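Down below is the structure, laid out as structure tokens.
In listed order, ligands and their atoms are each counted from 1. Computed from a predicted model, the values in this text were never measured in an experiment.
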Amino acid sequence: MLDIKITRTTAPKAKPQDESKLGFGKIFSDHMFLMDYTEGEGWHDARIVPYGPWEMDPATTVFHYAQEIFEGMKAYRTAEGKIQLFRPDCNANRYNDSADRLGMPPIPPEDFVQAVKAIVDVDRDWVPHSDGASLYIRPFCIATDVGLGVHAAKHYRFAIICSPSGAYYAEGLDPVRIYVEDEYIRAAPGLTGFTKCGGNYAASIKAGELAEERGFSQVLWLDGVEKKYVEEVGSMNIMFKIDGKIYTAACTGTVLPGVTRRSIIELLKDWGYEVIEGKLAIADVMKAADEGKLEEVFGTGTAAVVSPVKELDWEGKVAHISGGKIGELTQKLYDTLTGIQWGKLPDTKGWIVPVEEQ
Ligand code: COI
């Protein structure tokens with residue numbers, strides 16, 4: 001159990017007036033959670049302080065060798081004004097899997113969840129009130145040793161910042177166009193694909209930019225060895241409904257084990273769908289589209305929620321999906337997941353964790 005010292009701001013910022021214009025990750029709440037780690041001492045000085053910049057030495061190792069990991073979660077306001085989290089234990093466990101791979105110290109999952117609840121409680125007035133908007137929570141950790149040697153640091157800072165946010169894509173729930181990347185790769189066996197480390201995203205930015213220049217929202221990554229099998233999209237996992245069955249890449253080390261991904265798979269199985277987690281060749285996806293069997297394609301992610309895809313472009317071939325509209329199953333998944341998250345549907349699966357007012 002953490003002993004969290006709370007220092008409240010004396011200059012609270014104005015809250016956003018128009019929640020329909022929040023966008024994603026653009027403004028930040030009044031406070032942040034900080035905690036430091038020193039080898040031999042462990043985690044110490046857990047605190048909530050006014051949100052703001054902090055000073056760092058230019059030789060701090062994270063600037064040079066990118067020893068950094070993060071998480072993405074949300075807090076939701078129910079119609080009754082309660083604030084709640086969605087499966088925060090899953091984020092805590094994934095955080096520790098990322099930490100382990102990056103050679104960083106773990107945080108006991110109960111401390112991680114306690115810290116998230118504490119910052120959300122202090123900034124509970126920042127949780128948006130309107131449909132589809134929530135408080136996006138970004139826990140992250142950086143190596144704070146000073147020096148240019150390449151080795152695991154002995155000092156780290158863990159922080160949590162919060163951003164009232166709307167839809168991740170400018171398109172909202174409108175279907176997006178995705179470019180299947182055939183030159184660059186995101187992950188390969190033995191690397192860090194399964195972690196949420198900043199380096200994975202840094203390596204993906206150029207391909208994303210090129211795709212955006214061509215009018216696509218994001219890229220779909222293929223496996224890093226054969227560039228043959230579908231893996232994931234820039235900020236979400238991806239699922240394909242082909243001839244009534246759902247296909248998605250297995251989490252065998254190169255794909256991010258999404259919390260939304262596993263929740264959607266559970267819902268699909270409850271509804272009697274066959275879900276195949278395994279290798280799916282992009283050529284077979286395009287073939288299914290030609291044969292009229294590619295019924296729906298959607299992404300899943302904390303930020304992206306459930307995002308319909310209307311077009312896939314691969315090596316000059318184009319697959320059009322669901323007539324450019326959101327598919328029936330995609331819509332049902334979106335409604336069910338967001339219904340549970342915002343407390344409009346019963347939480348029969350024990351996924352919701354309330355943030356009590358302290
Ligand atoms: C999330 O969905 O929470 C993510 O972290 C994706 C992100 C890179 C925006």
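Each of the atoms 1 (C), 3 (O), 4 (C), 5 (O) of ligand 1 lies under 4.0 Å from some heavy atom of Tyr136. Close approach of ligand 1 to Arg138 is summarised as follows: ligand atoms under 4.0 Å from at least one heavy atom of the residue are 5 (O). Numbered from 1 in the order shown, with element, the atoms of ligand 1 that lie under 4.0 Å from a heavy atom of Phe70 read 5 (O). Heavy-atom contacts of Gly72 reach the following atoms of ligand 1: 3 (O) (cutoff under 4.0 Å).
Ala303 N, 2.8 Å is the protein heavy atom nearest to atom 2 (O) of ligand 1. Tyr168 CE1, 3.5 Å is the protein heavy atom nearest to atom 9 (C) of ligand 1. Closest to atom 8 (C) of ligand 1 among all protein heavy atoms lies Tyr201 CE2, 3.5 Å.
Judged purely by distance below 3.5 Å, without hydrogens or angles, the side chains of His31 and Thr9 never pair a donor atom with an acceptor atom. Looking at Lys245 and Tyr273, their side chains never bring a donor and an acceptor atom within 3.5 Å of each other. Looking at Gln67 and Tyr156, their side chains do bring a donor and an acceptor atom within 3.5 Å of each other.
Under the 30°/60° scheme for interplanar angles, the aromatic rings of Phe216 and Tyr179 are found to be tilted. Ring pair Phe112/Tyr95 is tilted by interplanar angle, where 30° to 60° counts as tilted.
For the ligand labelled ligand 1, residue Met236 lies outside the 4.0 Å heavy-atom shell.
In the hydrophobic clustering, Leu191 connects to no other residue, as no ILVMFWY side-chain heavy atoms lie under 4.5 Å from its own.
Ile264 pairs in a side chain to side chain contact (heavy atoms under 4.5 Å, CB included) with only one of the listed residues (Thr336, Ile246, Leu333), which is Leu333.
Geometrically, ligand 1 and Lys196 share a nitrogen or oxygen pair separated by less than 3.5 Å.
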